[in-house]
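The sequence lines fix the lettering, A, B, ..., with proteins before strands; numbering per chain opens at 1. FYI, side chains are in, hydrogens and waters are out, and symmetry mates aren't considered; it's all heavy atoms of this structure.
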Amino acid sequence: MCKQFLLFSQSYQCVNTIMDYQFKDIEKKWQQFWADNHTFKAENTSDKPKYYVLDMFPYPSGAGLHVGHPLGYIASDIFARYKRLKGFNVLHPMGYDSFGLPAEQYAIQTGQHPSVTTEANIATYRRQLDQIGFSFDWSREVRTSSPDYYKWTQWIFMQLFNSWYNKDADKAEGIDKLVAHFESNGSAGINAACDDEILSFTADEWKAMTNQQQQEELLKYRLTYLRESTVNWCAALGTVLANDEVKDGFSERGGYPVEQKKMMQWSMRITAYAQRLLTGLDTIDWPEPLKEMQRNWIGKSVGASVKFPIYGAAGAGVSEGTLATGTETPAPYIEVFTTRVDTIFGVSFLVIAPEHELVSQLTTPEQKDAIEAYITQTKKKSELDRMADTKTVSGAFTGSYVTNPLNGEMVQIWIADYVLAGYGTGAVMAVPSGDQRDYLFAKHFNLPIIPIIDIQKIDTEADPTKEGKYINSNFINGLEYKEATAAVVAKLEELGLGKAKVNFRMRDAIFGRQRYWGEPVPVYFKANIPRLIEESDLPLLLPDIDKYLPTETGEPPLGRASDWKHPKGEYELSTMPGWAGSSWYWYRYMDAHNDQEFASKDAIEYWKDVDLYIGGSEHATGHLLYSRFWNKFLKDIGKVVEEEPFKKLINQGMIQGRSNFVYRLIDAEGKGTNTFVSHGLIKDYETSPIHVDVNIVENEVLNLNKFKEWRPDFKDAEFILENGKYICGVEIEKMSKRYYNVVNPDDLAQRYGADTLRMYEMFLGPLEQSKPWNTNGIEGVFKFLRKFWKLFHDADFNFTVSDAEPSKAELKALHKIIQKVEQDIERFSFNTSVSSFMIAVNELTDLKCNKRAILQDLVIILEPYAPHICEELWVLLGNEAGTLSYASYPKFNPAYLVEDSFNYPVSINGKMKTTISLPLTLEQKEVEEAVLASADVQKYLDGKTPKKLIVVKGRIVNIVV
RNA sequence: GCUCAGAUGGUGGAACUGGUAGACACGCAGGACUUAAAAUCCUGUUCCCGUAAACGGAGUGCGGGUUCGAUUCCCGCUCUGAGUACCA
């Protein structure tokens, strides 16, 4: 900053500083060089082993990048650069997830086409990314909203439509194979993941169906299919949301209320893959919490389904009874799912969800009023209340009974809202002795509680134990858990009233959005049957429309597109959800410009999968689950080679904002004055806190002049200072414009340079840990880089390196850092390697080392962290420009670290007292003698004889007195 | 409620399989250079007692335990953050 000034005033200092570390020139020069020479272009054929480093690509929002975004990108870039130096052919691409709601919301407000704002936002992102010096191969950039790209998203959709899941083969197969089976064998022998209400038919019956009927039936098997589903409808956003986009009954984006609504919807049969998605988790190197989240989301429970015959229902084996007048043939059974089928003799009532389809059939005339009142009451309760209020017991008796299939006892049927219609069969067998909710329910309504295990303690609460022997349990009395469960299942199977069953919590994923800015679904409707467009007609382009709003008749915005019609029918009007384009993008990077396939077979067989994936854990149950699903499907149809797409995954922690406050003095009338009180003094005054821009605060000290300039109303501000300074208050909040706590990487790159920014972001702490951003301390990293630069220069900043043989101490410093950084990088501990670099440079500075033999290797190992300064020094050292990125990583030689003596810490009773330097050649016995002989130690022993002496060679000595 | 992660100086953090707690940096204090400031360099900096210093005591959220030795392992608890939520 002072340099230009000095240039004119003091020529002596000017010469001194002119060649000082000029990060601006250096960084601009090398960024240009890399771009011009395509330094980081990856080849799809190579003798080197491959390594694929991927970042979760960003949605290009209007706000641009803040300082938290690049954290993961910097880490992955360091890793990618490191792998190049280690001799790998590295694929390290970047792109944009450019379909999405904000651009559309903006379009609704301004009328501007989302593609225009998207384009502008991408340009900003690119500029911001470029100035940090990433080694991305930009020739492979993808944008999910580009027709060349979404052509293949649509193509994958078509493959899903043309596939069904064969449970016997445990993989997806072509729908034509299913049709062939129907033609020759009918529906017999098909074990498919499909809708519940499939028909069973013979081959002849199939052939006799009209095409319309056949298509309707096939739709029940396709991996993407239409079905009337209850969806999360958000009226304010005008769209349907996925479960993971809804939080506590409100939309995650915008926080608008979300209601349940029935709608014809495209769905993805992800449940077909539930088991494979679960087992696959054991084969991948992901953070355990993230795997756990996916496991919970998939929600596998192993148990049994049991049919309870409805007492008096036709076909249930009992003829009498007083059932409500059902119009249809009454159902003979209620089916429940249970994970504790061994407790079946403890069943004292049955509970079904208020929304259960049999409720009206089961309600007796006497109970009609009670049941209807209860249903009305439940409906009134919002989703939120129902979740919050888990303590109050409520329910109503239907008046009907089932019989226990194993002992024929009459069991009351109740409805209660603690049973959810959407899980299992929407009905549970209640065992109050073993389940706390059933227990409370039984107590509340005075229903029997039957102990079923000898050691059960059920005086005050349910006891879900599996220990002990069964009692009151018919043929399993005296048995233990395992054998009892097996016996009950066997008996139920024999009776045809139950079987072992696995249940998943995960639901099929809804795949339609009533929105404009997304991929059009490549489908048209003919006689209400969805049909795919021709593959040769892909991509089905997103048409222009006049307004980005639903039509008057409530159809999605695409309903406004005129002349947008398939020759044979009407196009689907909903578009694909945000996760469509991101569920396969890592394959497009492998072969980004292919117009014949989404990526060539060769490219996919070469790159295979992502070796390292870095991104936030907020995508745990969305993107990361859908991507695994699509990947498995693509593997089933032979298009990709790996079962799991992301071998290793790392979550970078969230960067929170760190807000600063000033405290405005309040006058007697309670009005804010123009005087501000320093934080340490606010207890003596009446003040109110005001957010202040963190960029005019340094180490909590407010820059008073900048504060006066910051907002016009603070122009004449006065201050009550402490120790001559105004100290600000601090609080951790979300990083957001409205808290004035956003730190922009552009500002830091301007002020300190990209290399400093990169290293500082890593220096901040462990990558995976969430932490508030704090710019305090960036000076330390900046100083380090200047010190590093000085190693190569004399006092007048002339480049000076010596070809002299390095000393033992210099070699030791070098090899210590080689070893340390390599270990750190392999375990993604980037913060500690930055510290180690500082130590190494401090040591070499103390040794006044300017030897090429040391410094050149140091340049190579620092390159992944601070690539610009290293490139510059690499060339100054006489190497060819641009060859640094592919130089070979220095080999660690442990011989240089060998010591011949060790400074033994001597503890007495575990407390470190003194140290003794002894040769490492000494054996345990000799160390003991040397320690006891030492005058220093004798002083501490104070004449006492040690009880015990512990010597760990090369580590420690501990004397027990 | 359940699951997971975490708690170390004024601050960010380090200590990798139990072995010198506080590396590295920020901040702060003192000093050098300077008319002065900035920049740079040097010294100190866990706390307490004492204090010129040696030295002594305490100390990794809290309470126990195992061990010659525990930030690290075990048991119980408190707090913070994330995920999930009547899942039968």
Side-chain angles (χ1 to χ4, degrees), chain A residues 1-3 5-6 13 16-17 20 248 287-293 295-297 299-301 303 336-340 343 351 386-391 416-420 422-431 434-438 440 503-505 617-618 620-621 651 653-654 656 698-701 730 732 760 763-766 768-781 783-784 786 820 823-824 827 829 831-839 842 903-915 946-952 954-961:
Chain A
M1 283 147 268
C2 62
K3 279 155 215 148
F5 170 71
L6 287 171
Q13 295 233 342
N16 260 355
T17 49
D20 197 354
D248 301 332
E288 204 46 50
L290 196 109
K291 288 195 196 179
E292 204 52 36
M293 270 192 245
R295 284 191 194 107
N296 289 339
W297 191 261
K300 178 179 182 175
S301 23
V336 304
F337 175 75
T338 175
T339 53
R340 289 295 303 274
T343 64
V351 188
R386 213 165 138 172
M387 277 191 291
D389 183 22
T390 59
K391 298 245 153 58
D417 63 6
Y418 80 84
V419 173
L420 306 174
Y423 182 77
T425 57
V428 303
M429 58 180 225
V431 184
D435 182 287
Q436 186 59 20
R437 287 157 310 172
D438 297 345
L440 292 174
N503 205 35
F504 291 97
R505 191 173 78 100
S617 60
E618 65 271 23
T621 50
N651 289 130
M654 247 209 349
Q656 296 138 309
E698 212 172 318
N699 289 317
E700 323 320 346
V701 178
V730 179
I732 306 304
Y760 184 61
F763 190 57
L764 222 45
E768 309 202 46
Q769 201 170 295
S770 286
K771 58 224 154 207
W773 176 266
N774 189 346
T775 312
N776 297 351
I778 194 167
E779 292 280 351
V781 173
K783 268 190 230 168
F784 155 75
R786 295 174 65 181
K820 175 76 170 133
Q823 284 171 351
D824 285 351
R827 63 191 173 104
S829 176
N831 56 324
T832 51
S833 39
V834 175
S835 301
S836 313
F837 277 120
M838 290 174 170
I839 294 170
N842 287 345
N903 208 21
Y904 278 93
V906 180
S907 314
I908 293 176
N909 292 335
K911 281 271 173 197
M912 216 284 282
K913 291 294 176 186
T914 184
T915 57
K947 268 196 210 130
K948 203 168 170 189
L949 191 60
I950 289 116
V951 174
V952 184
R955 270 260 142 99
I956 200 169
V957 177
N958 191 16
I959 305 171
V960 188
V961 185

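- Across G81(B) and C86(B), the matching C1' atoms stand 25 Å from one another, rounded to whole Å.
- Among the nucleotides G19(B), C4(B), A39(B), the one closest to any side-chain atom of R955(A) is G19(B).
- As judged by a 4.0 angstrom heavy-atom cut-off over every strand, K783(A) is placed among residues touching the sugar-phosphate backbone only.
- A donor-acceptor contact shorter than 3.5 Å is absent between the side chain of K948(A) and the backbone of N958(A).
- When both pairing distances are held under 3.5 Å, C73(B) makes a Watson-Crick or G-U pair with G65(B).
- Spacing of P atoms, A70(B) relative to A21(B), comes out at 10 Å, to the nearest Å.
- Note: CG (D824(A)) to C1' (G13(B)) measures 14 Å, nearest angstrom.
- Nearest nucleotide to the T339(A) side chain, out of U11(B), C68(B), A88(B): A88(B).
- The shortest non-hydrogen separation linking Y423(A) to R505(A) is CE1-CA, 3.8 Å.
- For the pair M838(A) CE and C26(B) C1', the interatomic distance rounds to 10 Å; values are reported in whole Å.
- Using a 4.0 Å heavy-atom criterion, one finds that K291(A) contacts no nucleic acid atom at all.
- Ring planes of F784(A) and F837(A): tilted class, angle from 30 to 60°.
- If you check G69(B), G56(B), U20(B) against the side chain of P905(A), the one that comes closest is U20(B).
- To the nearest angstrom, C1' of G12(B) lies 13 Å from CD of Q656(A).
- Pairing of A5(B), defined by two Watson-Crick or G-U wobble distances under 3.5 Å, is identified with U80(B).
- F763(A) comes within 4.0 angstrom of a base, heavy atoms only.
- The residue from V419(A), D435(A), L420(A) that alone fulfils the side-chain contact (heavy atoms from CB on, under 4.5 Å) condition with V428(A) is V419(A).
- Within the nucleic acid shown, L764(A) comes within 4.0 Å of sugar-phosphate atoms alone, with no base atom in reach, counting heavy atoms only.
- Using N1 to N3 plus N6-O4 or O6-N4 for Watson-Crick, or N1-O2 and O6-N3 for G-U wobble, each under 3.5 Å, G44(B) pairs with C28(B).
- The residue Q769(A) sits close only to the backbone: its heavy atoms come under 4.0 Å of sugar-phosphate atoms, none of a base.
- Note: CZ (R505(A)) to P (C86(B)) measures 9 Å, nearest angstrom.
- With a cut-off of 3.5 Å on both Watson-Crick or G-U wobble distances, the partner of U51(B) is given as none.
- Put simply, the side chain of S770(A) gets close to the backbone of M654(A): a donor and an acceptor are under 3.5 Å apart.
- Look at CE on M654(A): it is 14 Å from C1' on A5(B), rounded to the nearest Å.
- If you take atom C1' in C55(B) and the same atom in G50(B), they sit 10 Å apart, rounded to whole Å.
- Across every strand in view, A38(B) sits unpaired, with no contact that passes the Watson-Crick or G-U test at under 3.5 angstrom.
- Residue P766(A) is in sugar-phosphate contact alone, with no base atom involved, counting any heavy-atom pair closer than 4.0 Å across all strands shown.
- Taking atom NZ of residue K820(A) and atom P of nucleotide C24(B), one finds them 13 Å apart after rounding to whole Å.
- Between the side chain of Y904(A) and the backbone N or O of G954(A) there is at least one donor-acceptor pair closer than 3.5 Å.
- In this structure, N831(A) reaches the A14(B) phosphate: one of its side-chain N or O atoms is under 4.0 Å from OP1 or OP2.
- Comparing the C1' positions of A25(B) and G9(B) gives an interatomic distance of 14 Å, to the nearest angstrom.
- One finds no salt bridge joining R786(A) and E779(A) here, because no Lys/Arg side-chain nitrogen approaches an Asp/Glu carboxylate oxygen to under 4.0 Å.
- Residue contacts shown for N842(A) are limited to sugar-phosphate atoms, with no base heavy atom under 4.0 Å away.
- For the pair V960(A) and N909(A), the minimum side-chain heavy-atom distance is below 4.5 Å.
- Base-pair partner of A21(B): not found among the strands shown (Watson-Crick or G-U wobble, both distances under 3.5 Å).
- Contact between the side-chain N/O atoms of Q436(A) and the OP1/OP2 oxygens of C86(B) is not found at any separation under 4.0 Å.
- Put simply, CG on D435(A) is 8 Å from P on C87(B), counting in whole angstrom units.
- Here the nucleotide nearest the side chain of W297(A), chosen from G57(B), U84(B), A88(B), is U84(B).
- In this structure, N503(A) reaches neither bases nor backbone, as no heavy-atom distance under 4.0 Å exists between it and the strands shown.
- Nucleotides of RNA chain B nearest to M912(A) and V781(A) differ in position, and the one nearer the 5' end is that of M912(A).
- Distance check on atom C1': C47(B) versus U60(B) gives 13 Å, rounded to whole Å.
- Atom NZ of K771(A) and atom C1' of A5(B) are 14 Å apart (whole Å).
- Contact check for M429(A) versus T343(A): side-chain heavy atoms found under the 4.5 Å cut-off.
- For N776(A) against C26(B), a side-chain-to-base donor-acceptor contact under 3.5 Å is absent.
- Taking only side-chain nitrogens and oxygens, S907(A) never comes nearer than 4.0 Å to OP1 or OP2 of C68(B).
- More than 90° away from 0 lies the glycosidic angle of G44(B), which makes this nucleotide anti.
- When Watson-Crick and G-U wobble pairs are counted only if both distances are under 3.5 Å, G59(B) pairs with no nucleotide at all.
- For A15(B) and C24(B), the P atoms lie 14 Å apart once the distance is rounded to whole Å.
- With A88(B), C24(B), U20(B) as the choices, the nucleotide that has an atom nearest any side-chain atom of T915(A) turns out to be U20(B).
- With both pairing distances under 3.5 Å, A85(B) is matched to nothing as a Watson-Crick or G-U wobble pair.
- The residue V952(A) sits close to a base: some heavy atom pair falls under 4.0 Å.
- A heavy-atom distance below 4.5 Å is found between the side chains of M838(A) and V781(A).
- Only the P atoms considered, C79(B) is 23 Å distant from C73(B), to the nearest whole Å.
- The nucleotide whose nearest atom lies closest to any side-chain atom of S301(A) is, among G69(B), A88(B), G57(B), A88(B).
- Two residues, E779(A) and E292(A), neighbour RNA chain B, and the one matched to the more 5' nucleotide by heavy-atom proximity is E292(A).
- Between the P atoms of A5(B) and G12(B), the separation comes to 22 Å (whole Å).
- In this structure, T832(A) reaches the sugar-phosphate backbone alone: every heavy-atom distance under 4.0 Å involves primed, P, OP1 or OP2 atoms, never a base.
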